[in-house]
Amino acid sequence: YFRPRTMDMGRYFGIYQDGRLAAMIGERLGMDDFQEMSAICTHPDFNGRGYARRLTAILTNDTFERGRTPFLHVSHENPRAVRLYEQLGYRHRRDIGFWSLSRT
């Protein structure tokens, strides 16, 4: 999720466990009234500890407190994340196609 200029896109937060980045969340695309939650992930060694839930809840609440509406995207191939986001109050609004392009 990190590329050379990722940190220029917005704020990023993490939970560290024994000096290792266990989970993270960030902000990316933002508009006047909306803010995207992005790069929500947990290292496999730390799954099941509630870190992604905690980070998502914190950043979601902070976004609301700043008068903005949070939104995110998630793959249908990640039902665990879909379930987490639904439990936190996020709702499916629409499907958006995603293509990975490369030069030939």
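Heads up: numbering here begins at 1 and tracks the sequence. What you are looking at is a predicted structure, and each value in this text was computed from that prediction instead of being measured. Note: hydrogens, waters and symmetry copies are ignored here, and every other heavy atom, side chains too, is used.
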How close do His43 and Leu21 get, heavy atom to heavy atom, and via which atoms? CB-O, 4.0 Å
Atom CZ of Arg66: over 12 foreign heavy atoms under 6.0 Å: yes
What do the steps show when you test Tyr90 against Thr60 for side chain to side chain donor-acceptor pair (under 3.5 Å), and what is the final call? CA-CA 10 Å; Tyr90 284 88; Thr60 296; 2.7 Å; yes
Less than 4.0 Å between a side-chain N and a carboxylate O, is that true for Arg11 and Asp62? yes
May I ask whether Phe46 and Leu59 are part of the same hydrophobic cluster, defined by side-chain heavy atoms of I, L, V, M, F, W, Y residues being less than 4.5 angstrom apart, directly or through others? yes
Using side chain to side chain donor-acceptor pair (under 3.5 Å), reason through His73 and Glu36 one step at a time and then give a plain yes or no. CA-CA 8 Å; His73 59 272; Glu36 178 188 14; 2.9 Å; yes
Taking Phe34 as the starting point, is it possible to reach Leu72 by hopping between hydrophobic residues whose side chains are less than 4.5 Å apart? no
What I'd like to find out is whether the side chain of Ile40 reaches to under 4.5 Å of the side chain of Met24, using heavy atoms alone. no
Please tell me if the side chains of Thr42 and Asn47 come closer than 4.5 Å, counting only heavy atoms from C-beta onward. yes
Would a single hydrophobic cluster contain both Ile25 and Val74, if residues Ile, Leu, Val, Met, Phe, Trp and Tyr are joined by side-chain heavy-atom contacts under 4.5 Å? yes
Cluster question for you: counting only ILVMFWY and a side-chain heavy-atom cut-off of under 4.5 Å, with indirect links fine, are Phe64 and Leu88 together? no
Under a 3.5 Å distance rule, please check whether Arg91 uses its side chain to pair with a backbone N or O of Tyr85 as donor and acceptor. no
Side chains of Thr63 and Glu27: does their closest heavy-atom pair fall under 4.5 Å? yes
What do the steps show when you test Gln17 against Tyr51 for side chain to side chain donor-acceptor pair (under 3.5 Å), and what is the final call? CA-CA 10 Å; Gln17 184 72 45; Tyr51 292 159; 2.7 Å; yes
Heavy-atom nearest pair, Leu84 first then Ala52, reads CD2-CB, 4.1 Å
Kindly indicate, with the supporting measurements, whether the criterion salt bridge (Lys or Arg N to Asp or Glu O under 4.0 Å) is fulfilled by Arg68 and Asp32. CA-CA 7 Å; Arg68 302 173 94 187; Asp32 290 340; over 6 Å; no
Taking Leu29 as the starting point, is it possible to reach Met37 by hopping between hydrophobic residues whose side chains are less than 4.5 Å apart? no
Criterion side chain to side chain donor-acceptor pair (under 3.5 Å) on Arg53 and Gln87, from CA distance to verdict: CA-CA 9 Å; Arg53 173 182 304 276; Gln87 290 171 354; 2.4 Å; yes
Would you sort out whether Val82 and His92 count as a side-chain contact (heavy atoms from CB on, under 4.5 Å), showing the intermediate values? CA-CA 9 Å; Val82 171; His92 178 267; over 6 Å; no
Is there a side-chain contact between Ile15 and Arg49 (heavy atoms, below 4.5 Å)? no
